[in-house]
Amino acid sequence: SSRLVPVYNLNQVTISEQFAPLIGINIRTKTNLTTRLDYKKARDLSLNFSNAQVTETTNNDVTVDFGFTKEKFKLPFKIRGRTISLENDLTFRASLTFRDSETIQRKLDGENVITNGTTSYQFRPSFTYKLNKSLDLTGYFERSVTEPKQSSSFKTANTAFGVQLRFALAQ
């Protein structure tokens, strides 16, 4: 009796689809206003041969981004009683992202179970002031909230904020 040994042993096959962005609109005006709208869509399908199940993971994202630049913005400050005023560019940006994610376990007998999923949003405003050709001052704030679709998980929220001073060596 001879034993046949397969050359390839496949446990799982995955198909990935991604439209990033599926729809994207980017507008910039003469007055330095910028607006962007992106709709992203992604899906992963995995067929597991050991248990004959299909796992489908879908993600839908909508991002709205708004910004403007004010040229020669005056920033006065005092040093030892003297008032010094800088006139440089100030850039403001705000971004809002909504995301819906879901994982469904599909079985051959028709039973479909949601095994994972979240609904989340992220809000990120920031400003950048150009102190000189090489030095930028940035203030930022980020707020992320994630709400699970299963009762076994908890809603989470993260907040980050701060100030960055960036020095560029290259011109």
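When a residue number appears, it is its place in the shown sequence, counting from 1.
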Practice prompt. Please round to the nearest 0.5 Å and tell me the distance separating atom CG of Asn32 and atom OG1 of Thr69.
Written response: 5.0 Å

Worksheet item: What are the two closest heavy atoms between Gln164 and Tyr140, and how far apart are they?
Response: CG-CE2, 4.0 Å

Worksheet entry | Cluster check Leu22, Leu37: I/L/V/M/F/W/Y, side chain < 4.5 angstrom | yes

Worksheet item: Any Lys/Arg nitrogen of Asp65 or Arg93 sitting under 4.0 Å from an Asp/Glu carboxylate oxygen of the other?
Response: yes

Response to the item:
Distance col, row Thr103:OG1 vs Asp44:CG, nearest 0.5 angstrom, shows 9.0 Å

Discussion item. Do Pro21 and Tyr39 have side chains that approach each other closer than 4.5 Å (heavy atoms only, starting at C-beta)?
Written reply: no

Fill in: Atom CZ of Phe49: over 12 foreign heavy atoms under 6.0 Å
yes

Item to complete: Write down the atom of Arg143, the atom of Ala157, and the distance for their closest heavy-atom approach.
Response: NH2-CB, 3.7 Å

Practice prompt. Please tell me if the side chains of Thr63 and Ser95 come closer than 4.5 Å, counting only heavy atoms from C-beta onward.
Written response: yes

Discussion item. Please tell me whether Leu131 and Leu90 are part of a single hydrophobic cluster in this structure, the criterion being side-chain heavy atoms less than 4.5 Å apart.
Written reply: yes

Discussion item. Once rounded to the nearest 0.5 Å, what's the spacing between atom CG of Leu10 and atom OH of Tyr8?
Written reply: 9.5 Å

Practice prompt. Of all the heavy-atom pairs spanning Lys149 and Asp100, show the shortest one and how long it is.
Written response: NZ-OD1, 2.7 Å

Response to the item:
Rounded to the nearest 0.5 angstrom, the CZ-CG distance for Phe66 and Leu33 is 5.5 Å

Discussion item. Within the supplied structure, the quantity of interest is the number of heavy atoms (other residues, nucleotides, ligands) at a distance under 6.0 Å from Leu165 CG; does it exceed 12?
Written reply: yes

Discussion item. Let's go through Asn48 and Ser50 carefully: what are the C-alpha distance in whole Å and the side-chain angles of both, what is the deciding distance for side chain to side chain donor-acceptor pair (under 3.5 Å) to 0.1 Å, and is it a yes or a no?
Written reply: CA-CA 6 Å; Asn48 192 335; Ser50 63; 2.8 Å; yes

Item to complete: Count the heavy atoms belonging to other residues, nucleotides or ligands that lie under 6.0 Å from CZ of Phe141, then report whether that count exceeds 12.
Response: yes

Fill in: In one Ile/Leu/Val/Met/Phe/Trp/Tyr side-chain cluster, 4.5 Å: Ile25, Leu96
no

Worksheet item: Mind checking whether Phe68 and Phe92 have ring centres under 6.0 Å apart?
Response: yes

Worksheet item: NZ of Lys70: more than 12 outside heavy atoms within 6.0 angstrom?
Response: no

Worksheet entry | Salt bridge Arg36-Asp38, side-chain N to carboxylate O under 4.0 Å | yes

Fill in: Approximate separation, where rounding is to 0.5 Å, of Phe19 CZ and Lys41 NZ
9.0 Å

Practice prompt. Could you check Asn116 against Glu102 for side chain to side chain contact (heavy atoms under 4.5 Å, CB included), going step by step and ending with a plain yes or no?
Written response: CA-CA 6 Å; Asn116 195 6; Glu102 189 172 76; over 6 Å; no

Worksheet entry | Evaluation steps, salt bridge (charged side-chain N to carboxylate O under 4.0 Å, His left out), between Glu17 and Arg43 | CA-CA 5 Å; Glu17 303 169 341; Arg43 182 174 78 155; 3.1 Å; yes

Worksheet entry | Same apolar cluster (I L V M F W Y, side chains within < 4.5 Å links), Val64/Tyr121 | no

Worksheet item: Between Arg166 and Asp136, is the closest basic N to carboxylate O distance under 4.0 Å?
Response: no

Fill in: Side chains of Thr34 and Arg28, donor plus acceptor under 3.5 Å
no

Discussion item. For Gln105 and Thr55, which I'm curious about, is there any donor-acceptor pair between the side chains at under 3.5 Å?
Written reply: yes

Practice prompt. State, to 0.1 Å, how close Asn112 and Arg106 come at their nearest heavy-atom pair, and which atoms those are.
Written response: ND2-NH1, 3.2 Å

Worksheet item: Without hydrogens or angle criteria, can the side chains of Thr138 and Thr128 be said to hold a donor-acceptor pair below 3.5 Å?
Response: yes

Fill in: Minimum heavy-atom distance Gln122-Ser144, with the two atoms named
NE2-OG, 3.1 Å

Fill in: Lys/Arg N to Asp/Glu carboxylate O, Arg99 vs Asp61, below 4.0 Å
yes

Worksheet item: If only atom types and distance count, is the side chain of Tyr129 paired as donor or acceptor with the main-chain N or O of Asn88 below 3.5 Å?
Response: yes

Worksheet entry | Pair Val54-Leu45, side chain to side chain contact (heavy atoms under 4.5 Å, CB included): steps then yes or no | CA-CA 7 Å; Val54 174; Leu45 290 170; 4.2 Å; yes

Worksheet entry | Pair Thr118-Ser101, side chain to side chain donor-acceptor pair (under 3.5 Å): steps then yes or no | CA-CA 5 Å; Thr118 59; Ser101 177; 4.5 Å; no

Worksheet item: Between CD of Glu56 and CD1 of Ile104, what distance do you get to the nearest 0.5 Å?
Response: 5.5 Å

